[in-house]
Amino acid sequence: DAGVTQSPTHLIKTRGQQVTLRCSPISGHKSVSWYQQVLGQGPQFIFQYYEKEERGRGNFPDRFSARQFPNYSSELNVNALLLGDSALYLCASHRGDTGELFFGEGSRLTVL
Amino acid sequence: SQQGEEDPQALSIQEGENATMNCSYKTSINNLQWYRQNSGRGLVHLILIRSNEREKHSGRLRVTLDTSKKSSSLLITASRAADTASYFCATALMNRDDKIIFGKGTRLHILP
């Protein structure tokens, strides 16, 4: 079975631009979460989606938004990019019966 | 904000020695999980311990949980060079499984 896939793997944007990151969870997993990881820090929770509904939201500004599609894939959008948005963005697929998270390799965003 | 705090922040030991990392958290939890991350890549789930469990083993890993002290420890026995990585504890808050919160991590370096 394929693991969690994220795209793109790397991208460079300039301040003020917008970015869309994509995630496909493990087949059969209905919930995904998004995390932001700045170098040297732990992952910070951004959103969780389950069955296309937002279930949880972290302490991030409204510039961050997400959605989940009927096939359970998800997109994270960030508008009006700031230098501080430079980070590794991780998507995690939830195994419902155990609570384990399965992570993709992440999308590394650099904002210049 | 971080729910869990790992201690120490960094640890260097000789190959073959045991490595112990600790995690403290602030609020009641449903479960606590440990993850490993190699060089800024995706996180890999190691072990999950539920709030009604006190100790769990998986191969060379041993996890303990003390809910009265709101703390957990991860012991890696007979360390190997391949164990060099960052280790994170993550907590699923009581009644809030939609939000799994990570600590800042312990950077473990195994010396040859």
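These values consider heavy atoms only, across backbone and side chains, with no hydrogens, waters or symmetry-generated copies. Note on naming: letters A, B, ... go to the chains in the order of the sequence lines (proteins, then strands), and numbering restarts at 1 for each one.
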Are [Y] and [X] connected into the same hydrophobic cluster when the rule is that any two of I, L, V, M, F, W, Y join if their side-chain heavy atoms are below 4.5 Å apart?
{"X": "A:Leu83", "Y": "A:Leu109", "value": "yes"}
{"X": "B:Val63", "Y": "B:Tyr25", "value": "yes"}
{"X": "B:Ile29", "Y": "B:Met21", "value": "yes"}
{"X": "B:Ile110", "Y": "B:Leu11", "value": "yes"}
{"X": "B:Ile100", "Y": "A:Tyr50", "value": "no"}

message: At a 4.5 Å cut-off on heavy atoms, which part of B:Leu48 comes close to chain A: side chain, backbone, both, or neither?
response: side chain
statement: Value for CZ (A:Arg108) from CZ (B:Arg41), rounded to nearest 0.5 Å, stands at 11.5 Å
message: Rounded to the nearest 0.5 Å, what separates atom CZ in A:Arg95 from atom NE2 in B:His45?
response: 9.5 Å
Please check if the side chain of [X] supplies one atom and the backbone of [Y] the other of a donor-acceptor pair under 3.5 Å.
{"X": "B:Gln33", "Y": "A:Gly99", "value": "yes"}
{"X": "B:Tyr35", "Y": "A:Leu101", "value": "yes"}
{"X": "A:Glu105", "Y": "B:Gly42", "value": "yes"}

message: A quick test of your reading: do over 12 heavy atoms of other residues, nucleotides or ligands sit less than 6.0 Å from CZ of B:Arg60?
response: yes
query: For atom CZ of B:Arg54, is the number of surrounding heavy atoms from other residues, nucleotides or ligands below 6.0 Å larger than 12?
result: yes
Residue, of B:Glu6, B:Gln9, B:Arg50, that accumulates the most heavy atom pairs under 4.5 Å with chain A: B:Arg50
- prompt: Where does A:Gln37 contact chain B at under 4.5 Å (heavy atoms): side chain, backbone, both or neither?
  reply: side chain
Structural part of A:Tyr49 lying under 4.5 Å from a heavy atom of chain B: neither
statement: Of the listed A:Leu39, A:Leu88, A:Val4, the one with the largest count of heavy-atom pairs under 4.5 Å with chain B is A:Leu88
query: How far apart are the closest heavy atoms of A:Pro43 and B:Phe102, and which atoms are they?
result: O-CB, 3.6 Å
